[in-house]
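Reading through the structure tokens given below for one structure.
The figures that follow rest on heavy atoms only: side chains count, while hydrogens, waters and symmetry mates do not. Chain A is the first sequence line, chain B the second, and so forth, proteins listed ahead of strands; every chain is numbered from 1.
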Amino acid sequence: GQQVMQIPQYQHVQEGEDFTTYCNSSTTLSNIQWYKQRPGGHPVFLIQLVKSGEVKKQKRLTFQFGEAKKNSSLHITATQTTDVGTYFCAGLGEAAGNKLTFGGGTRVLVKP
Amino acid sequence: NAGVTQTPKFRVLKTGQSMTLLCAQDMNHEYMYWYRQDPGMGLRLIHYSVGEGTTAKGEVPDGYNVSRLKKQNFLLGLESAAPSQTSVYFCASSYFGEKLFFGSGTQLSVL
């Protein structure tokens, strides 16, 4: 079955620094979605990427979809304490019907 | 609008007991999902539904059953709870597979 892997599993970041988290799928994706889950909370939708090579920005967050539509990345610049949480990517496989497969998440901890 | 509402928020069961988790959404979404979240495992799909009266198996369906008799409700049942089912359960809904809206979760402990 379709597998979605995220690295790193944990990311310790100094406040003000940049970091990137990566998402890789075992199969080609129709789209990829990113979610953020604050500690003790529920996942909240951030963005969806559909096109090969697509890049989208939300303030300090930059999302990219790979040319082969099998990988994605989230880059955060000038990390703030409000960025603390777990970031999940979720891929909808081209042959997966309607099932969205989540990666294991990257847990981000920010050092002030 | 309440969005996606899950009940109960917390539950403790003994091994072998049964229970039903209720998910209700007021956004007229077609798709509904049940996920479980365990530490370090991300979100794993248990069952999902693409419309009223339909259900389908996800990645980890064993030990669970679901029903979608009404469009706005999606029920998750545990017939005979096991300690391995201790987890946080999230319900989610979407129009047609994009942008999932999640409920606040149910913390289930099976002793």
Can you see whether B:Tyr35 engages B:Gln37 through a side-chain donor-acceptor pair at a distance of less than 3.5 angstrom? no
Where the side chain of B:Gln6 meets the backbone of B:Lys9, is there a donor-acceptor pair that is under 3.5 Å apart? no
Of all the residues in residues 101-111 of chain B, which have a heavy atom that comes within less than 4.5 Å of a heavy atom in chain A? B:Phe102, B:Gly103, B:Ser104
Contacting region of A:Gln6 [heavy-atom separation from chain B under 4.5 Å]: neither
In terms of the angle between their ring planes, are A:Phe63 and A:Trp34 parallel, tilted or perpendicular, with boundaries placed at 30° and 60°? tilted
Beyond-backbone contact of B:Leu76 with B:Cys23, side-chain heavy atoms, under 4.5 angstrom: no
Which of the residues A:Gly105, A:Ser30, A:Gly103, A:Gly104 is involved in the greatest number of heavy-atom pairs with chain B at under 4.5 angstrom? A:Gly104
Check the orientation of A:Tyr35 and A:Phe45. Use parallel for under 30°, tilted for 30 to 60°, and perpendicular for over 60°. perpendicular
Tell me if a side-chain donor or acceptor on A:Gln14 pairs with a main-chain N or O of A:Val110 at a distance below 3.5 Å. no
CA sep, side-chain torsions, deciding dist, call: B:Ser93, B:Met27, side-chain contact (heavy atoms from CB on, under 4.5 Å): CA-CA 9 Å; B:Ser93 70; B:Met27 296 174 282; 3.6 Å; yes
